[in-house]
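Right, one structure below, let's go through it.
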Amino acid sequence: MLTYPYQERKLNLNPALIDEARTLAKEIVAEVKPFIISHSTVSVERAVLRLLGIDGVNSEGIPLPNLVVEHLQEEGLLAEGSARTLTRAFIHYGKSPQSLAEGIEQGTIRLTELPDFPEEVIENTARALALPAVAKIRAQRQARRAMLAQGEGIEPYLYVIVATGDIYEDVVQARAAARQGADIIAVIRSTGQSLLDYVPYGPTTEGFGGTYATQANFRIMRAALDEVGKELGRYIRLTNYASGLCMPEIAAMGALERLDVMLNDSMYGIIFRDINMQRTFVDQYFSRMINGFAGIIINTGEDNYLTTADAMEAAHTVLASNFINAEFAFLSGVPEEQQGLGHAMEINPDVPDAFLYEMAQAQLVREVFPRSPIKYMPPTKHMTGNIFRGHIQDALFNVASVLTGQSIHLLGMLTEAIHTPLIQDRALSLEAARLVFGVLRHMGEEITFKAEGRIQKRAVETLEKAVGMLRDIEKIGLFMALERGMFADISRSLEGGRGLDGVFAKGADYLNPFIRLLGAETEGREAFESSAMGGERDV
Amino acid sequence: MSEVNLKAVRPYGDTLDDGIVQLSFTLPIPFGEEAKEAAKRWALQSGFQEPNISHAQDMGEGFSFFVVYARSRVTVDFTVIEVPQLTQVRLEKRQIELRIREEVRRKLVVVGACIESDAHTVGIDAIMNMKGYNGHKGLESYHEVEAYNLGAQVSCEDLLAKAVSVSADAILISQVVTQKDIHLRNLTRMVEILELEGLRERFLLICGGPRLSYELAKELGYDAGFGTGTYAEDVAGFVLEAVLRQRI
């Protein structure tokens, strides 16, 4: 079992270079920060409304948070923040945010002719309206902590996906997976959800390549995993995806329903889903703030860079991006212990010594981020449909993972490239991983790498190239780096991609009570820490 | 070994006509001796003989998994099988570039995308992106090809509009997600839209993906389809030949 922080130093890395990389990443992120904190988006505002208690859909199936934000936009009120107008309406009408939203939908409530109130009254009221969600999220975090204390798996955590499209079928598959030894269940989303500018509502039974992320689906799966976990004496973590155009909303839903891990990358949507970069940077900031406060481990998507770029040539881009993703996480108040930075085993197995280079990369990420629950992705690009060969490739991946002390191990499936996993695919893969992890449990402690050997040289070279890349990015800025296609060989423009029309500059009197309550070093977080220590304090 | 009777072919293990197959499957019944018996009967009723349950395993939640070896007496007539397939020889990038320059005497224009719901660009990127896949450079790297990769989740309408605006020779469509046959629906939609607009004959229409084949593509109304193991050269070579053919 891994103890944190990871102590081994097998690669002879230059600590000064790692420090330089961190400093560069910090500067790169600092340059984007003024833009981030001076802007908001329609999805940030919808997340605020959800946290204020607004949920449900109208008769046409349009979510109320969307309707309210559209209404505010039409009336020119959005720049002040949805919370400000909702708070004023609350004071004026004396109705809950949910009733107000319903009234807005029915046209019985107008937000344009609200009287004004003293700033202090508005801020205090907004804060009071925000507190129930904060308290609920805090309670969920405490509940997780208590359940984890009852028992959990050991690292590398075995992470498997379910993706039937039907949440009730997912439950069957997930419960079976837990019994087969899975520690983390990820419910893959329906293909295309990342580009929806709203979150579907209610339990869903139809999806393609996955199941829609809805709050009801989160709740159904959470209850199922809690039940089977209790029986097994092992807390089963639940993963979903706070990515795409609704990042902050999904983070809010996940925090309320006690998800444990969220895919939540600062750049993935820009690169792989062609979502506008301005939109993404603002959205990731608030969504990560929520995840940070909720104690949710965020996973980053660098593992996917190598599905488009070559793993031998582009390994350093993964590391460089890991540094940047980590700094964006710090900016939102996500501590290292919740930064599940992603990387992958994707070198073409026909390359001689491919396994040595994979080991070098995995060990490199482990040593550079000794406190982070790093997430390791299995071979996918070079899986062929030959399940027998694929099972061996996955076994090699399992070996690399346990030898290099990975934290979250996304399990390879022998049927990758054929179909989303069948019940027996998962069982066979779990069995293989448990076998490998078992027989090699302490092997990592027994081996060192030859000085100046192939593994050390490869790791040192990758680190040097990553630092070089960060120096280049620092010179031109992150926006320009993305335009030049420096990540995953994909180029994106500042004004291009989806969702730019949902970005707006915050007005001078912008109000979002959750930024103070959930952000780094905030009253909400302090209150959590103090209550975690035993003293319950009312926030 | 005795001669294979191509008019009556059956699976081979280590003796001609032994008919040995390996199967693995799950039944939605609790693990136990009854489950094994059920697996055996299922195999028998499926037409297999002498089923041997070599492995049985509890999947949890009332499911049981089996690995079964059995014999089959079913035969197929190999002599009557005809599968339409691409007969072209794989050219190298250099040859393709040269032939475009000398025989087409203008650049070939290709637009590509993952259409509709599909968000998985691995396939289209392998064929189109500069770097290509497995050492085979993509169409963007071809001097004589003007390549536009529109990426993921592009609507059929947008893809067609782009093809019209750049006067494309060929439209490439990648479909990776196949759950509930979504790829067939997406691919069919593209054909329908082209036909509706009266533009089907104007473009070479080519699809690709791990579950696609030349045969299936033809059936769907495409000019060609490419499966796993396809490189940019295969696609570029096909477009080149087809464009030259159209000129005759």
Side-chain angles (χ1 to χ4, degrees), chain A residues 163-165 171-181 189-195 206-210 228 232 244 272-274 304 307-310 313-314 348 350-351 380-387 416-420 422-428 431 485 488-490 492 497-498, chain B residues 22 24-28 31 55-67 113-126 128-135 137-138 140-141 149-155 175-183 185-186 209-211 227-229:
Chain A
T164 69
V171 161
V172 174
Q173 299 262 327
R175 290 172 58 103
R179 292 184 194 284
Q180 294 157 5
R189 294 193 303 180
S190 179
T191 180
Q193 184 171 1
S194 56
L195 299 184
E206 288 237 341
F208 297 104
V228 74
L232 297 169
F272 291 99
R273 295 291 178 265
D274 197 13
N304 275 283
T307 59
T308 51
D310 181 81
E313 291 166 34
N348 186 337
D350 294 334
V351 171
T380 58
K381 186 161 73 166
H382 300 286
M383 295 294 272
T384 59
N386 177 350
I387 57 171
E416 176 82 36
I418 304 175
H419 48 230
T420 49
L422 304 182
I423 192 168
Q424 64 260 33
D425 301 341
R426 232 181 267 108
L428 291 167
E431 187 180 357
D489 290 337
I490 295 172
R492 299 300 185 199
R498 299 169 171 93
Chain B
Q22 56 190 129
S24 64
F25 56 90
T26 296
L27 292 177
F31 180 70
H55 179 66
Q57 193 174 342
D58 188 356
M59 293 284 97
E61 297 291 308
F63 292 88
S64 302
F65 173 63
F66 307 94
V67 177
C114 294
I115 55 166
E116 303 293 320
S117 53
D118 204 327
H120 297 72
T121 59
V122 191
I124 197 77
D125 290 342
M128 297 199 74
N129 277 10
M130 191 65 75
K131 202 155 278 172
Y133 177 66
N134 215 1
K137 293 207 176 299
E140 285 176 2
S141 74
N149 182 357
L150 306 192
Q153 297 181 323
V154 177
S155 72
Q175 288 285 280
V176 174
V177 176
T178 56
Q179 201 173 42
K180 294 171 189 155
D181 287 336
I182 180 81
H183 61 306
R185 263 185 280 166
N186 290 343
R211 299 270 77 78
T228 315

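Within every chain, numbering begins at 1; the chains are lettered A, B, ... in the order of the sequence lines, protein sequences first and strands thereafter.
Ranked by heavy-atom pairs under 4.5 Å with chain A, the first of B/Asn149, B/Val122, B/Thr26, B/Asn129 is B/Thr26. Chain B forms more heavy-atom pairs under 4.5 Å with one residue of A/Arg426, A/Gln173, A/Arg273, A/Gln193 than with any other, namely A/Arg273. The candidate from B/Asp125, B/Thr228, B/Ile182 with the greatest count of non-hydrogen atom pairs under 4.5 Å with chain A is B/Ile182. When A/Asp274, A/Thr164, A/Leu428 are compared by the number of non-hydrogen pairs under 4.5 Å with chain B, A/Thr164 comes out ahead.
With B/Ser117 contributing its side chain and A/Thr191 its backbone, the two residues share no donor-acceptor pair below 3.5 Å.
Between A/Ala176 and B/Gly60 the shortest heavy-atom distance is CB-O, 4.3 Å. Contact record, A/Arg179 with B/Glu61: NE-OE2, 2.6 Å, taken as the closest heavy-atom pair.
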I would like to know whether A/His382 and B/Tyr133 meet side chain to side chain contact (heavy atoms under 4.5 Å, CB included); could you show each step before the answer? CA-CA 10 Å; A/His382 300 286; B/Tyr133 177 66; 3.5 Å; yes
When you look at B/Arg211 and A/Ile418, which way does the side chain to side chain contact (heavy atoms under 4.5 Å, CB included) test go after all the steps? CA-CA 8 Å; B/Arg211 299 270 77 78; A/Ile418 304 175; 4.1 Å; yes
Could you go through the side chain to side chain contact (heavy atoms under 4.5 Å, CB included) check for B/Arg185 and A/Phe208 one step at a time? CA-CA 12 Å; B/Arg185 263 185 280 166; A/Phe208 297 104; 3.5 Å; yes
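Between the CG atom in A/Leu422 and the OG atom in B/Ser24 there is a gap of 9.0 Å [rounded to 0.5 Å]. In this structure, B/Met59 CE and A/Ile423 CD1 are separated by 7.0 Å, a value rounded to the nearest 0.5 Å.
Only the side chain of B/Gln57 comes within contact range of chain A, with heavy atoms under 4.5 Å apart. With a 4.5 angstrom heavy-atom cutoff, A/Gln424 touches chain B via backbone and side-chain atoms both. Using a 4.5 Å cut-off between heavy atoms, A/Ala178 makes no contact with chain B at all.
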